[in-house]
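Take a look at the structure set out below.
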Amino acid sequence: MKKAHWLVGNWKMHGNLAANKALVDGLRQRLPTLSDAVQMVLCPALPYVAQMEGLVAGTGIMLGAQNASDHLKGAYTGETSPMMLKELGCGFVIIGHSERRSYQGETDGLMGRKALAAIDSGLVPIICVGETAEERDSGRTHEVLGRQLDAAFGYIRTAHDNIIVAYEPRWAIGTGIAATPEIVQAEHSFLRSRVAQRDADFAARLPILYGGSLKASNAKSVFDMPDVDGGLIGSAALNPDEFVAIYKALDIIARKAAKGNA
Ligand code: PGA
């Protein structure tokens, strides 16, 4: 995957037809054109994917889903195939979000199979990994992150698959307490070196996003870290002022990075 900067909005189970339109309109008013340095992906609740495809058409904003089945089709009542999401205009799907691990009992193995099904359907999986507060406090952060990452990468062909990884410490999601920039850098660096053991070129290009209570007031200090390639934003993605401010903070850093690489 080409190295790029990414801002992903995870709308979770929020929104309705009118609110989704108001939110996209609000983003477009504040940001009439997207930067070529930062890709924006919005992940609405599943029933609204088709509506959102119309709302973002021609804007450069891309669409993702919050979950997909590990199967492509079949007798799986209530599930959604990644192929269906692709047909509806999604290019991305969040895999292994901690809320799904906590409330739906999703396992590392299921996450790996979902990542593969997404890739086979032409979607880019956004693979979420993250430790609990208890795991961090007992010094097991790297053991947990390594296990989660290996479970997904066991299914991925690094030479030609496009993926994004998101580091989302569970204790930072929805709590208002983001990880410090130093913690974020340390864990992103750990994740990148873990992937580099499989494929160093792939690891160097791999976008690693941070998620967990990121907002306009703390985004810059996190995005400034060298191994951070963007953000996965929950509650602040529902507020157009906040989301656009975060986007602009990332854009400044992404442009600097692009110049440095030129
Ligand atoms: P938050 O959520 O920004 O509300 O902490 C992030 C996420 O769950 O992806």
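Atoms within each ligand, like the ligands themselves, are counted from 1 in listed order. None of the values given here were measured: they were computed from a predicted structure.
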### Query
What residues, two or more places apart in sequence or in another chain, satisfy side chain to side chain contact (heavy atoms under 4.5 Å, CB included) together with E79?
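With neighbours one apart ignored, the set is S69, Y76.
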### Query
Does a salt bridge link E168 with R101, judged by any charged N lying under 4.0 Å from a carboxylate O?
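No, E168 and R101 are not salt-bridged.
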For ligand 1, find each of its N or O atoms that sits under 3.5 Å from a protein N or O atom, and tabulate the pairs with distances to one decimal place.
residue	atom	partner	partner atom	Å
ligand 1	2 (O)	K12	NZ	3.3
ligand 1	3 (O)	G234	N	2.9
ligand 1	4 (O)	S235	N	2.9
ligand 1	4 (O)	S235	OG	3.4
ligand 1	5 (O)	G174	N	2.7
ligand 1	5 (O)	S213	N	2.8
ligand 1	8 (O)	K12	NZ	2.7
ligand 1	8 (O)	H97	NE2	2.6
ligand 1	9 (O)	H97	NE2	3.3
ligand 1	9 (O)	E168	OE1	3.2
ligand 1	9 (O)	E168	OE2	2.7

### Query
For the side chain to side chain contact (heavy atoms under 4.5 Å, CB included) test, which of L232, I233, L238, V41 pairs with N10?
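Option passing the side chain to side chain contact (heavy atoms under 4.5 Å, CB included) with N10: L232.
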### Task
Compare all side-chain heavy atoms of V49 with those of C90 and state whether any distance is below 4.5 angstrom.
yes
### Query
Relative to the ring of Y167, is the ring of Y210 parallel (under 30°), tilted (30 to 60°) or perpendicular (over 60°)?
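Taking Y167 first and then Y210, their aromatic rings sit tilted (interplane angle of 30° to 60°).
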### Query
At their closest point, which heavy atom of A118 faces which heavy atom of P82, and how far apart are they?
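Result for this residue pair: CA-CB, 4.0 Å.
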